[in-house]
Structure formats: structure tokens, C-alpha cells
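Worksheet: the structure to be examined is printed underneath.
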There are 2 protein chains.
Amino acid sequence: MSLPHALLGLLAVRPSSGYELAKAFEGDLGRYAWQAGHTSIYPELGKLAERGLVEVTHEGPRGSRTYAVTPEGRDELRTWLLTPPRQAAKVRNERVLRMFLLSVLDPADALEVLRRITEHTAAEAAELRRIRSDAGPVVAPGAEGFGQLAAEYGLRQYEAVHSWALWAIEQLESRAAAAS
Amino acid sequence: MSLPHALLGLLAVRPSSGYELAKAFEGDLGRYAWQAGHTSIYPELGKLAERGLVEVTHEGPRGSRTYAVTPEGRDELRTWLLTPPRQAAKVRNERVLRMFLLSVLDPADALEVLRRITEHTAAEAAELRRIRSDAGPVVAPGAEGFGQLAAEYGLRQYEAVHSWALWAIEQLESRAAAAS
DNA sequence: CTCTGACATGTCAACATTTACATGTCAGCG
DNA sequence: CGCTGACATGTAAATGTTGACATGTCAGAG
């Protein structure tokens, strides 16, 4: 279960409220890496606080509470990141699953889906390139997102899927030509 | 919830027993796309059979039952694949999460992790290239795996992560040099 | 013939996650 | 001042997933 580590990681970047953490999962983090809604975040923050890995450092308006990682939390996070993932690291990605199952469609349907993928990935990649061009330092996370490291990862991801989809279209079309 | 669709997809490729389906999730499918253990597969096959999307076509030795998709199941699968995923498609990937959190480590630790990633991705990519070289037709799924489409996807994925990790190492090292 | 390991299916309790419900604050607009 | 929408936190039931336990078959090695 990686949610506690995701929260520790976010809080290690910057102390935040549960609400802000929930917002973070709506961005790149939730898009590529790990999803969570506020209904799992709030209870989990409570558990982490009980274990002494995070603490409330500030109470603001509208009942907001700002959490920060404790030194123990930082240790836990560092240990987790430095321990190589078991080969059974959890993976669940609906989009990728769809790509895997594409070959069960007949070629016309598959081509349609692949074309949509090329359009989508091209648009997302363009957006990330745009963001990159007006960005700050590379390792320090910017105010709005989760650092250039993550943005660059997403960009390369989209480029790879884009080129894969183009390749797949070519394969399908050349097979169709050969069969005719 | 994508498990039923994953099962329909696998059965659309080739009728299989629950045991064989569980094996399939241990390969590329479970590595990149979707995980499931036999404890979720058997009950889900039961539900799909109740809904008339799959049926038992053969009973073999040791109580094995071979399932196949029905025409209704094929319809359901096709409809799902052709419906564009909601923007909230489920994503959960522990390895990617680790990469996102990398920037909270101090540079020496981060470099260590990145180096391990480059080694790991290089090895996996080499393995996939090896498999590709002794492979059959591109779209039809081979006996052992889930088609060349998926293998090619995995290969490009590893190459992208590999090149990202090299880039990230360079960034960290140049920052370290600038800071000294 | 016995042992081992792969084949094959299943249940159930514990745990994690999602969906729906529920409540209240505060800033800005008209 | 009332409305709206973002801010902010929570609970509870339903659902989904994992891990531990349980059972039994069959082929091949020794």
C-alpha cells in the first residue's frame, strides 16, 4: 500500500493540508503515478499522525490543518525509496490495459482507437512542452506541480506512447495491404 | 473496475481456464497494465458467466474448466474498448510513484536510485528485444504472450524510462557541479 | 510406490478504496 | 444581504482486492 508513502512524499516537499494533498492527486501525480481521493487521504493522515510520521503544524481558517513530516517520517520515506521495489510492485492502469487488449478488435476498430491515441498523446505532450518552457529549476519542485523530473517523465511517456501508436498503425495497415 | 474486461480480452484471444488466466497476469499484462490474482479471477469468472458474457466450453482433468467469451461478451468488450476512457481512468503504479518522489531524496541517494533504474530498464529492454527477434506475426498473439503490440509497447516504455533516468542523472550531476 | 512440484480451484477474513451523504466556512459578486 | 463557488473536513456503506488457509489431482523422478 503506497498511499502513506505518497503522502509523506508530498509533505516532504512542502507542508500541506489534506485539501491541498487531494488537489495534488488531481495533477500529474494522479495522472501517472497514484490516485487518491480526499476520503482516503483524511483518514490516512490521521493514521500517519498516530504513528508519529507526520504532525499538525498549523491550524488555519475553515478548520484547515497543515501537516508536515516529522524526522521519523522522513526516515521512513527515505528507507522506502532506497529499498528496491519487490518485483510485485503494484500496477494498475486502465489506459495501458486498453492498449493490451487492442489486438482483439478487428483492424478497422483498432485503427480508430490508435488514431485517437496518437491525437491525445500529441496534445498532452505539446502541453507539457509548453509548461516546460516557462519553468523554474529542475529538481526543486515548482509551486504548481511536482517538479521538472516528473514533467519530463510524463513528456517522455507520452512521446513513447505516441510513437508506439504510429508504429502500430503502420503494422496494421501493412498487414491489411498484404491481405488484400 | 477493469478486471472483467481484462478477462474478456484474454478469453477473446483464446479460451482458457482460470489457472491459465492467472498465469497471464504474471506476464507482461500484470507487469504494465493490470494485476490480478487467482482469488479475484475465479469469482469474477463466475459473475461473468452469470451475466452470460463467458461460458464453460470444456471440462478437463483436475477439475479444470475452460471458459470462452460468448457473442454478448465480445460485444461488451468491443463497446468498452471503443468508448473513450473517462479522464478519470484508474492509474496506480508504485514504480512511477517512486520516480515522482525521487526529488525529495538528497542528490546522492537519488543518484543511487536512478542508476539502479538505468540498469534495470536496460536489462528489461534487452530481454524484450531478444524475445522480439524470435517472434511470429505482429498482431496475432503468440502462444506465450500477449502479442507483439504489447511487447513493442513494453520495449518503448523501458527505453523511455531509461533515457529519462539518464537525463535525470545528468541534471543532478550538473547541479552538483554548479553548487561546488 | 512415494515424493515433489506444477496444475487447478476455491473460501474467508482483513484491508483498501470508492461513492454517496453530510456539514460548515469564507470571499466576491450583484 | 443573499447567492455561488471554492475551500475544508469528515463518516458510513458498498465494493473491490489481498493474504492466509484449504483441498485435491496428476506426471515424472528416484
Side-chain angles (χ1 to χ4, degrees), chain A residues 1-8 10-11 15-27 29-30 33-51 54-67 85-94 97 144, chain B residues 1-8 10-11 15-27 29-30 33-51 54-67 85-94 97 144:
Chain A
M1 219 261 300
S2 312
L3 176 59
H5 294 112
L7 295 178
L8 287 175
L10 287 168
L11 293 177
S16 316
S17 66
Y19 188 81
E20 287 167 325
L21 292 170
K23 289 280 164 196
F25 281 100
E26 284 170 22
L29 184 68
W34 204 267
Q35 275 183 218
H38 78 277
T39 54
S40 48
I41 291 168
Y42 289 121
E44 190 63 46
L45 283 171
K47 285 185 215 165
L48 288 170
E50 257 179 56
R51 290 169 61 196
V54 303
E55 60 186 358
V56 176
T57 54
H58 176 72
E59 311 220 345
R62 300 176 232 199
S64 81
R65 263 162 297 151
T66 302
Y67 287 86
R86 325 145 279 175
Q87 80 282 45
K90 285 178 179 53
V91 172
R92 212 148 250 189
N93 190 319
E94 190 180 308
L97 175 62
E144 85 288 315
Chain B
M1 221 260 302
S2 312
L3 176 60
H5 295 112
L7 295 177
L8 287 175
L10 287 167
L11 293 177
S16 315
S17 64
Y19 188 83
E20 288 167 325
L21 292 170
K23 289 281 163 195
F25 281 98
E26 283 170 22
L29 184 69
W34 204 268
Q35 273 183 220
H38 78 276
T39 54
S40 48
I41 292 168
Y42 289 120
E44 190 63 47
L45 282 172
K47 285 184 214 166
L48 288 170
E50 258 179 55
R51 291 170 59 197
V54 303
E55 60 187 358
V56 175
T57 54
H58 177 72
E59 309 219 347
R62 299 176 234 200
S64 82
R65 264 162 295 153
T66 302
Y67 288 87
R86 325 144 280 176
Q87 81 282 45
K90 286 181 179 51
V91 172
R92 212 148 250 185
N93 190 319
E94 189 180 308
L97 176 62
E144 83 288 317

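Residue numbers start from 1 in every chain, and the chains themselves are labelled A, B, ... in the order their sequence lines are given, proteins ahead of strands.
- Across all their heavy atoms, A:R65 and A:V56 have their closest contact at CG-CG1, 3.7 Å.
- Here the OG atom belonging to A:S17 is positioned 10.5 Å from the NZ atom belonging to A:K23, to the nearest 0.5 angstrom.
- OP1 or OP2 of D:dC7 has at least one side-chain nitrogen or oxygen of A:K23 nearer than 4.0 Å.
- Distance B:K47 NZ to C:dT11 C1': 14 Å, rounded to the nearest Å.
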Quiz prompt | B:F25/B:L3 under side-chain contact (heavy atoms from CB on, under 4.5 Å): CA gap, chis, key distance, verdict | solution = CA-CA 11 Å; B:F25 281 98; B:L3 176 60; 4.0 Å; yes

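- At whole-Å resolution of the value, NE2 in B:H38 and P in D:dC21 are 13 Å apart.
- OP1 or OP2 of D:dT9 has not a single side-chain nitrogen or oxygen of A:Y19 nearer than 4.0 Å.
- Between B:R62 and the phosphate of C:dG10, there is no side-chain N or O to OP1/OP2 separation shorter than 4.0 Å.
- Nearest heavy-atom pair, A:K90 versus A:M1, reported as atom, atom and distance to 0.1 Å: NZ-N, 4.3 Å.
- Between A:I41 atom CD1 and D:dC7 atom C1' there is a gap of 15 Å when expressed in whole angstrom units.
- Each of A:E44 and B:T66 was assigned the nucleotide of DNA chain C with the nearest heavy atom; the assignment lying further toward the 5' end belongs to B:T66.
- The interatomic distance linking A:Q35 (CD) with C:dT18 (P) rounds to 6 Å, in whole Å.
- Each of C:dT18, D:dG10, D:dG16 was ranked by its minimum atom distance to the side chain of B:M1; first place goes to D:dG16.
- Rounding to whole angstrom units, CG of residue A:L48 and P of C:dA16 are separated by 12 Å.
- Taking atom CG of A:L7 as the reference point, atom C1' of C:dT17 lies 14 Å away to the nearest angstrom.
- For A:R92 and D:dG16, the shortest distance from a side-chain N or O to OP1 or OP2 is not below 4.0 Å.
- Regarding A:E26, its CD atom lies at a distance of 13 Å from the P atom of C:dT18, rounded to whole Å.
- Considering A:L45, A:L48, A:T57, A:L7 as possible partners of A:Y67, the one that fulfils the side-chain contact (heavy atoms from CB on, under 4.5 Å) test is A:L45.
- Across all strands shown, B:T39 has heavy atoms under 4.0 Å from base atoms, whether or not it also approaches the sugar-phosphate.
- OP1 or OP2 of C:dT9 lies within a sub-4.0 Å distance of a side-chain N or O belonging to B:Y42.
- Taking atom NE2 of B:H58 as the reference point, atom P of C:dA8 lies 10 Å away to the nearest angstrom.
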